[in-house]
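Worksheet: the structure to be examined is printed underneath.
Just so it is clear: chains get the letters A, B, ... in the order the sequence lines come, proteins before strands, and each one is counted from 1. Worth knowing before you read on, the calculation uses all heavy atoms, side chains too, and leaves out hydrogens, waters and symmetry mates.
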Amino acid sequence: MPTITLPDGKTKSFDKPVTGLDIAASIGAGLAKAALAIKVNGETKDLSHTIDHDASVALITAAKPGQPTSPEALTLMRHSAAHVMAEAIQDVAGKDILLAYGPPTETGFFYDMYVPEGKKLSSDLFDKINARMAEIIKEDRKFCRYEQPGSEALARLKAEGNKYKVDNAERAMGLPSSVYKSAKSPAKEAHGFEAVGFDPARADRATLSFYATGEPGKNWEDLCRGPHVPSTSRIGAACVLSLASAYWHGDENSDRLIRVYGTAFPSQAELDNYLKQKEEAAKRDHRVIGKALRLFHIDETVGQGLILWTPNGSIVRRELQTFIAAELKKQGYTEVFTPHIGSLDLYKTSGHFPYYKDAQFPPIIERDTLDQLATCSCSEVMRRVEGVSQRLADGINERTNATTISKDRILPEDQLVQGFMLKPMNCPHHAKIFASSPHSYRDMPVRLAEFGTVYRWEQSGELNGMTRVRGFTQDDAHLFCTEEQVPNEIQGCLSLVKVIFNTLGMKEYRVRVGLRDPDSTKYTGSSESWDKAEAACIAAAQSLGVSFSKEPGEAAFYGPKIDFVVKDVIGREWQLGTVQVDYQMGNRFDLSYIGPDNKPHRPVVIHRAPFGSMERFCGVLIEHFAGAFPAWLSPQQVRVLPISEKSLDYAFQVEAALRAADVRVAVDTSNDRIQAKVKVAADDKVPYMLIVGPRDAENRTVSVRARGTEKDLGAMPLDAFVTALKDEIATKRAELGVRP
RNA sequence: GCCGCUGUAGCUCAGUGGUAGAGCGCACCCUUGGUAAGGGUGAGGUCACGGGUUCAAGUCCCGUCAGCGGCUCCA
């Protein structure tokens with residue numbers, strides 16, 4: 001008879017098998033009421049699950065009013081809400097919509113479904129679907145689990161004609177799918193089900209579970225692993241949010257499904273709060289603020305994914321670049337400038353071409369050469385563009401000690417097509433700068449920094465405001481160092497990140513350390529070097545003091561890396577910068593320095609762009625500050641608001657005094673009332689408003705109103721304001737601190 | 001690239017196959033004021049672009065381009 005161990009270590013013995021609900025009730029009526037599910041030996045089960053053996057059990061409960069709900073409870077509610085939504089959709093839009101897969105997510109849930117041709121599932125139906133969901137929740141139907149032998153259940157699902165469920169069932173039982181064939185990855189794990197070895201006998205032994213929302217055979221039901229909350233009312237409040245499309249199994253050659261997103265919360269108030277937060281977040285979107293504050297512009301005629309930095313945004317960017325450049329100088333970096341294009345041979349040497357050709361703008365080829373190629377077939381042109389001379393191939397193969405350039409890419413000189421690439425990376429240019437002069441170990445490390453603009457052919461559907469673009473400027477640098485110097489240089493990169501994030505008050509970022517896959521042999525460089533470099537990356541990440549994760553298999557083939565990831569206002573994660581150790585580039589470009597032994601040695605190269613690109617970083621910053629930049633970054637730092645035109649003269653004097661102190665300032669010369677001028681300045685998120693009227697003119701004072709304050713802070717002498725603001729700007733303070 | 005949605009004034013958006021609309025912004029005029037919108041007048045349109053259906057298209061259909069939400073991808 002089962003003895004149950006509770007999380008606090010206490011045990012309870014029962015004289016017959018017990019359900020989760022029994023256990024909860026044995027502890028207290030309140031707990032029984034609040035319980036949603038149980039965890040048996042760490043595995044979440046329905047509350048009605050029967051335990052007939054000794055186990056450690058924890059109860060998952062709904063939160064008391066005013067208390068935060070546990071992530072586990074939310075996940076349960078949302079998974080259950082996905083069922084409710086699917087039922088509602090089938091009620092509203094028709095049973096011929098085939099359900100595929102509906103899991104909970106971090107902030108809600110979705111359900112992928114196949115909508116037959118000719119049928120439309122559009123957001124017009126959301127009101128009806130939401131109403132139906134509310135009804136189902138109110139009906140408080142029990143989630144009723146029942147099991148069927150695998151083969152029997154499978155036959156039933158096949159008869160029902162939903163191949164997606166058949167596929168789910170087959171995969172749940174460890175059978176190969178009879179309906180889903182993937183060209184890409186046949187062994188790919190099915191949605192959410194554990195991958196198990198193929199075992200035909202398993203189908204007969206296995207059972208499949210179904211959940212009826214109510215009575216099996218009478219109410220709506222779905223093949224589902226569970227677990228669920230006890231009944232629909234325990235979901236609280238749920239709603240459908242948006243439509244998107246998704247591929248079956250994420251496979252673009254497979255069926256296209258409609259993905260319906262929704263979310264659920266324990267109460268309507270919490271749901272409303274979430275929706276309101278979403279709305280607020282949308283207002284912080286850098287694309288919205290960028291337009292309102294005229295920070296940047298994207299013009300169809302210029303091209304998608306190409307950012308035009310308007311004057312206001314350019315100020316923000318310039319301030320940031322100046323800041324970063326000053327920090328780099330402190331760290332011993334030297335600045336370089338390189339052009340926006342480089343010859344094809346450069347990228348054949350580096351390996352970027354043709355390996356990443358799909359992610360690049362096509363090559364720039366001379367007009368005469370194009371004329372010569374006019375009669376060639378497309379594939380012939382590509383062959384010639386991608387071809388490599390014998391000399392270049394021999395050099396690379398020798399230096400990389402492998403057949404890096406295969407024989408079939410080697411062409412006679414007269415067949416080779418010369419041309420240029422818009423540069424997708426800065427490293428080849430920097431490597432050439434390093435190689436342009438001899439280096440002694442005494443000069444190492446050589447740190448070459450450039451705000452280098454690169455161009456990449458991103459898929460059109462991926463472009464997104466400033467966060468995903470086709471042309472961008474990296475805060476790039478390459479550190480050419482000896483192997484011993486690697487840990488110290490990585491540490492230096494991260495301390496730079498720390499300084500800058502701290503100054504900007506950015507705490508919401510995480511760090512991923514990409515390590516090599518222990519089972520793979522694709523990596524270059526000795527395993528001792530790798531061990532040291534990986535250890536250095538981990539140690540450096542640890543010293544940052546933010547959350548970091550080790551990601552085996554995420555390293556580049558040429559070395560381990562550290563990535564910085566931030567979230568935007570709508571919860572999407574963006575990779576900002578990266579620090580990558582590279583054991584390959586030195587070989588590719590035949591780089592060397594003379595060591596103490598008077599012999600040449602290969603330098604290790606560290607690529608680092610801690611903020612990724614100015615575009616993405618500024619986009620993230622706009623959202624971080626919601627457009628309300630600290631004074632040092634603000635496009636306009638002060639606006640002078642004369643009470644009336646009678647005070648215009650003094651307003652201009654104030655402006656002149658501030659301008660002389662290098663403050664970005666403007667006078668509002670409109671003939672509006674002061675109330676209107678205050679409103680406009682507030683909308684423009686100007687840090688300081690200086691209201692000046694006859695009183696101020698007489699006393700040579702300014703009445704200060706800082707952004708975010710409801711009222712004026714009082715008057716202060718003009719000179720004192722200028723001094724205080726200059727100091728705030730010079731020290732890059734995050735808060736607006738100038739006070740009378 | 002794929003799926004869905006969207007595209008009307010500088011911005012935010014109404015618009016039922018029958019004369020192109022509002023608010024904000026902008027220009028000018030009145031108002032000269034002490035902290036989140038004073039009043040008036042006016043200018044401003046290839047209804048994204050190209051085809052088609054129709055007596056008639058901003059509206060319906062097809063295509064293209066772009067934006068948005070996802071999917072896939074991301075050195």
Strictly below 4.0 Å: does [X] bring a side-chain N or O up to OP1 or OP2 of [N]?
{"X": "A:K561", "N": "B:A75", "value": "no"}
{"X": "A:S460", "N": "B:G1", "value": "yes"}
{"X": "A:Q304", "N": "B:A66", "value": "yes"}

- Count the heavy atoms of every other residue, nucleotide or ligand shown that sit under 6.0 Å from CD of A:E106, and state whether that count exceeds 12. no
[atom1] spacing across the pair [N] / [M], given as an integer number of angstrom:
{"N": "B:U31", "M": "B:G23", "atom1": "P", "value": "24 Å"}
{"N": "B:G34", "M": "B:G15", "atom1": "C1'", "value": "44 Å"}
{"N": "B:G39", "M": "B:U32", "atom1": "C1'", "value": "14 Å"}
{"N": "B:A14", "M": "B:C55", "atom1": "P", "value": "32 Å"}
{"N": "B:G58", "M": "B:C47", "atom1": "P", "value": "7 Å"}
{"N": "B:U64", "M": "B:G7", "atom1": "C1'", "value": "13 Å"}
{"N": "B:U12", "M": "B:A75", "atom1": "C1'", "value": "40 Å"}
{"N": "B:C24", "M": "B:A43", "atom1": "C1'", "value": "16 Å"}

- Task: Confirm from the modelled atom types if A:Y247 and B:C2 form a donor-acceptor pair under 3.5 Å, side chain to base only.
- Result: yes
Any idea which of [options] is nearest the [X] side chain?
{"X": "A:R468", "options": "B:C73, B:U35, B:G70", "result": "B:C73"}
{"X": "A:R287", "options": "B:A36, B:G69, B:A75", "result": "B:G69"}
{"X": "A:D672", "options": "B:G38, B:G34, B:U32", "result": "B:G38"}
{"X": "A:N671", "options": "B:G69, B:C29, B:A75", "result": "B:C29"}
{"X": "A:I674", "options": "B:U35, B:C3, B:G38", "result": "B:U35"}
{"X": "A:I691", "options": "B:G70, B:U35, B:U32", "result": "B:U35"}
{"X": "A:S242", "options": "B:A75, B:G69, B:G33", "result": "B:G69"}

How long is the line joining [atom1] of [X] and [atom2] of [N], in whole Å?
{"X": "A:E300", "N": "B:A66", "atom1": "CD", "atom2": "P", "value": "7 Å"}
{"X": "A:M466", "N": "B:G67", "atom1": "CE", "atom2": "P", "value": "15 Å"}
{"X": "A:K679", "N": "B:A37", "atom1": "NZ", "atom2": "C1'", "value": "6 Å"}
{"X": "A:M421", "N": "B:A75", "atom1": "CE", "atom2": "P", "value": "16 Å"}
{"X": "A:D649", "N": "B:U32", "atom1": "CG", "atom2": "C1'", "value": "14 Å"}
{"X": "A:L306", "N": "B:A66", "atom1": "CG", "atom2": "P", "value": "11 Å"}
{"X": "A:W248", "N": "B:G70", "atom1": "CH2", "atom2": "P", "value": "25 Å"}
{"X": "A:L293", "N": "B:C24", "atom1": "CG", "atom2": "P", "value": "20 Å"}

Sugar-phosphate only, base, or nothing, as touched by [X] at under 4.0 Å among non-hydrogen atoms:
{"X": "A:R705", "value": "base"}
{"X": "A:A244", "value": "base"}
{"X": "A:Y558", "value": "sugar-phosphate"}
{"X": "A:Q459", "value": "base"}
{"X": "A:Q575", "value": "nothing"}
{"X": "A:E645", "value": "base"}
{"X": "A:K677", "value": "nothing"}
{"X": "A:Y261", "value": "sugar-phosphate"}
{"X": "A:S703", "value": "base"}

- Query: Is a donor on one side and an acceptor on the other found under 3.5 Å between the side chain of A:R399 and the backbone of A:L591?
  - Reply: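 No; zero donor-acceptor contacts below 3.5 Å.
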- Message: Closer than 3.5 angstrom, by distance alone: can the side chain of A:T310 be matched with the main-chain N or O of A:L295 as a donor-acceptor pair?
- Response: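 Confirmed, A:T310 side chain pairs with A:L295 backbone.
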- Indicate the ring-plane relationship of A:F361 and A:W457, choosing parallel, tilted or perpendicular according to the 30° and 60° boundaries. perpendicular
For [N], which nucleotide in any strand shown is its Watson-Crick or wobble partner with both distances under 3.5 Å?
{"N": "B:U54", "answer": "none"}
{"N": "B:G17", "answer": "none"}
{"N": "B:C5", "answer": "B:G67"}
{"N": "B:A43", "answer": "none"}
{"N": "B:C11", "answer": "B:G23"}

Can you tell me if [X] and [Y] form a side-chain donor-acceptor pair at under 3.5 Å?
{"X": "A:T701", "Y": "A:D696", "answer": "yes"}
{"X": "A:Y558", "Y": "A:Q580", "answer": "yes"}
{"X": "A:E450", "Y": "A:T338", "answer": "yes"}

- Item | Within 45° cone and under 6.0 Å: A:R259 NZ/CZ vs A:F110 ring |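 Satisfied, under 6.0 Å and within 45°.
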- Which comes earlier along RNA chain B counting from the 5' end, the contact point of A:L463 or that of A:D712, where each point is its nearest nucleotide?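 Per heavy-atom nearest nucleotide, the more 5' residue is A:D712.
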- Give a yes or no on whether a salt bridge exists between A:R409 and A:E386, defined as a side-chain N under 4.0 angstrom from a carboxylate O.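 A:E386 and A:R409: not salt-bridged.
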